[in-house]
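Atom set for the values below is all heavy atoms of this structure, side chains included, hydrogens, waters and symmetry mates excluded. Numbers here simply count residues along the sequence, with the first being 1.
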Amino acid sequence: MTNHIVLFEPLFPANTGNIARTCAGTDTVLHLIKPLGFSTDDKHMKRAGLDYWNSVKVVYHDDLQAFMATVPDINQLYLVSKFATRDYTEVDYTLPGDHYFLFGKETTGLPEPFMRRYPEQAIRIPQDDSHIRALNLSNSVAIVIYEALRQQQFPNLARVHRYPFDKLK
């Protein structure tokens, strides 16, 4: 079972950098659907301080249709959107197979026709919509991926880390 974070046309390198760091720390595959609002070449990544970029498996897709052609089971694709009616915690992420979490562009989210085509796949992070348009993208990714990992018993992740010379003993 592999988890996948999918970003639809991300605009801001800082968000994508934070998400890449989360992916590196959770053994999660990162998918980027073009066009991107920034470059991912070495010079730009080093300037952003992303020295862990090489530790992330990044898959690029030319467009949403190209990405969708790679999803083996539509039932394990989750469209994370404030327009969903089901909470992200209501899903069983322990089912066998890969799990894909698709997040929309920072400014406009996922395309409405796409959302209407797959309403059963949509999940939502509860929020007070009267105060904000949306949660920060990188925060949203962390919330959802850690719920999936919690249900999956945090596979291959360190549950404890000790000081080399433990002063607390």
Side-chain angles (χ1 to χ4, degrees), residues 1-72 74 76-84 88-89 91 93 98-115 118 121-127 129 131-152 154-158:
M1 173 183 331
T2 301
N3 292 311
H4 302 258
I5 295 298
V6 186
L7 304 181
F8 172 74
E9 299 181 1
L11 294 172
F12 307 124
N15 276 335
T16 302
N18 287 337
I19 293 165
R21 185 178 191 145
T22 298
C23 289
T26 59
D27 298 325
T28 301
V29 178
L30 176 61
H31 297 254
L32 301 176
I33 299 175
K34 298 176 184 178
L36 309 180
F38 52 89
S39 172
T40 58
D41 67 21
D42 284 341
K43 180 176 83 172
H44 287 88
M45 292 296 106
K46 285 180 183 163
R47 185 180 307 145
L50 304 181
D51 54 349
Y52 48 82
W53 188 255
N54 292 335
S55 299
V56 180
K57 180 177 180 185
V58 182
V59 180
Y60 295 91
H61 303 276
D62 288 332
D63 54 34
L64 188 53
Q65 183 177 348
F67 163 71
M68 289 299 291
T70 69
V71 177
I74 192 72
Q76 292 185 215
L77 169 67
Y78 311 100
L79 313 179
V80 185
S81 171
K82 76 177 198 175
F83 296 103
Y88 74 104
T89 56
V91 177
Y93 303 114
D98 289 1
H99 297 270
Y100 293 81
F101 302 93
L102 176 57
F103 294 81
K105 187 187 304 192
E106 290 97 332
T107 55
T108 58
L110 292 167
E112 184 177 346
F114 181 78
M115 290 290 298
Y118 300 104
Q121 305 317 119
I123 58 174
R124 173 186 168 87
I125 300 170
Q127 69 177 34
D129 293 332
H131 296 294
I132 60 171
R133 180 177 45 83
L135 295 171
N136 173 273
L137 179 61
S138 62
N139 292 341
S140 297
V141 167
I143 289 167
V144 172
I145 195 62
Y146 268 91
E147 172 60 15
L149 290 166
R150 182 192 67 79
Q151 289 185 23
Q152 297 164 4
F154 301 104
N156 304 313
L157 301 184

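Using a 4.5 Å cut-off on side-chain heavy atoms (C-beta onward), His61 and Met68 make no contact. Looking at heavy atoms from C-beta onward, Leu30 lies in side-chain contact with Ile19 at the 4.5 angstrom threshold. Between Lys105 and Leu11, some side-chain heavy-atom pair lies under the 4.5 Å cut-off. Side-chain contact between Leu110 and Phe83: absent, with no pair of heavy atoms (C-beta onward) separated by less than 4.5 Å.
Taking CD1 of Ile143 as the reference point, atom CD1 of Ile145 lies at 12.5 Å (rounded to 0.5 Å). Atom OH of Tyr118 and atom CG of Leu77 lie 8.0 Å apart (nearest 0.5 Å). Rounded to the nearest 0.5 angstrom, Lys82 NZ and Ile132 CD1 are separated by 8.0 Å.
A pairwise comparison of heavy atoms in Gln152 and Met1 identifies NE2-SD, 3.4 Å as the closest pair. The minimum heavy-atom distance between Glu147 and Arg150, with the atom names listed, is OE2-NH2, 2.8 Å. Between Tyr78 and His99, the closest heavy-atom pair is OH-ND1, 3.1 Å.
A side chain to side chain contact (heavy atoms under 4.5 Å, CB included) with His31 is found for one member of Ile5, Leu7, Leu102, Val6 and no other, namely Val6. Applying the ring pair (Phe, Tyr, Trp, His ring centres under 6.0 Å) test between Tyr93 and each of Phe154, Phe101, Tyr88 identifies Phe101 as the sole match.
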For Thr28 and Thr22, what are the C-alpha separation, side-chain angles and deciding distance, and is it a side chain to side chain contact (heavy atoms under 4.5 Å, CB included)?
CA-CA 8 Å; Thr28 301; Thr22 298; over 6 Å; no
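Counting only N and O atoms by type, the side chains of Thr70 and Tyr100 include no donor and acceptor under 3.5 Å apart.
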